[in-house]
Asks: 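What follows is a single structure, and I will ask about it in a moment.
Just so it is clear, the values below take in all heavy atoms, side chains as well, and ignore hydrogens, waters and symmetry mates. In what follows, residues are counted from 1 in the order of the sequence shown.
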Amino acid sequence: MVRRPAPPSASPGAATPTPSKKSAKKAASKAANRPPKSAAERRATSERRVDVREWASGIRLSAFSVIMLSLVVLGAWVLVPTLGTFIDQRQKIAALEASVQVSEEQIADLQKERERWQDPAYITTQARERLYYVKPGEVVFLIDNDLDPAALPREQEPVSDTLEEKTADWMPQLLRTLTASGLSDTAAVAP
């Protein structure tokens, strides 16, 4: 294919090309609606204008360029929905793999529990603790918490994150704590 040379572009020093009859009529109708400009403004406006036909005639596309451009557009048209589907499926696969891992951990825990229940000592311990079963000839003493509610230890208050310094001597405090704990009749609350 033979290329024809591009027409010269409009430059500030060159004369502007003569407009066709249609474009001259359009320019005249537009000029009639606008207020008149000075000669310097008209000249600056005409220098800034770019003829679209001149610009478009400078673009040359060969058959190979058109084919490659159409292949790129076709590839994008085919791959974009496919890529969206691929990403969606990868997210679903990741979610399913996570749920499989959680299920496998639950299965492992249940298998450990089953193995514990196959041990006769574990079964005996569970029967004694949960159902209060005893062997023949054994005497079981169930101790109720018979202390008055005032003697039960209170819930621990939250620990402060600030450090406080006290000027008290620690040795008498330690002795008082030891004697108070040794002589107390309170029971610890089972968790």
Asks: From Gln126 CD over to Leu131 CG, what is the distance, rounded to the nearest 0.5 angstrom?
Replies: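 Reported value, rounded in 0.5 Å steps: 9.0 Å.
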
Asks: The test is salt bridge (Lys or Arg N to Asp or Glu O under 4.0 Å); show your working for Lys112 and Glu115 and say whether it passes.
Replies: CA-CA 5 Å; Lys112 288 179 186 176; Glu115 289 172 5; over 6 Å; no

Asks: Does Ile67 belong to the same Ile/Leu/Val/Met/Phe/Trp/Tyr cluster as Phe64, with side-chain heavy atoms less than 4.5 Å apart forming each link?
Replies: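 The answer is yes; both residues are in one hydrophobic cluster.
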
Asks: Heavy atoms only: give me the nearest Ala76-Pro81 pair and the separation to one decimal.
Replies: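 Minimum heavy-atom contact is O-CD, 4.4 Å.
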
Asks: Over all heavy atoms of both residues, which pair between Glu129 and Tyr132 is shortest? Give the atoms and the distance, please.
Replies: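 Closest approach of Glu129 to Tyr132, heavy atoms only: O-CE2, 4.0 Å.
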
Asks: Starting at CG of Leu178, measure out to CZ of Arg176 and round the result to the nearest 0.5 Å.
Replies: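 Rounded to the nearest 0.5 Å, the CG-CZ separation comes to 11.5 Å.
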
Asks: Please report the shortest heavy-atom distance between Arg128 and Tyr133, naming the atom on each side.
Replies: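 Shortest heavy-atom contact: CG-O, 3.4 Å.
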
Asks: What distance separates Gln91 CD from Asp88 CG, expressed to the nearest 0.5 Å?
Replies: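 It comes to 6.0 Å.
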
Asks: So does Tyr122 have more than 12 non-hydrogen atoms from other groups sitting under 6.0 Å from OH?
Replies: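 Result for OH/Tyr122: enclosed.
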
Asks: Could you grab the distance from atom CD of Gln106 to atom OG of Ser103, nearest 0.5 Å is fine?
Replies: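 Going from the CD atom of Gln106 to the OG atom of Ser103 covers 5.5 Å.
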
Asks: Distance check, rounded to the nearest 0.5 Å: Thr179 atom OG1 versus Leu175 atom CG?
Replies: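 It comes to 7.0 Å.
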
Asks: Indicate yes or no: does Glu138 engage Lys135 in a salt bridge with an N to O separation below 4.0 Å.
Replies: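 Answer for the salt bridge query: no.
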
Asks: Go through it in stages, so that I can follow the logic: the residues are Thr82 and Thr85, the test is side-chain hydrogen bond (donor to acceptor under 3.5 Å, both in side chains), and I'd like the CA-CA distance, side-chain angles, deciding distance and then a yes or no.
Replies: CA-CA 5 Å; Thr82 307; Thr85 305; over 6 Å; no

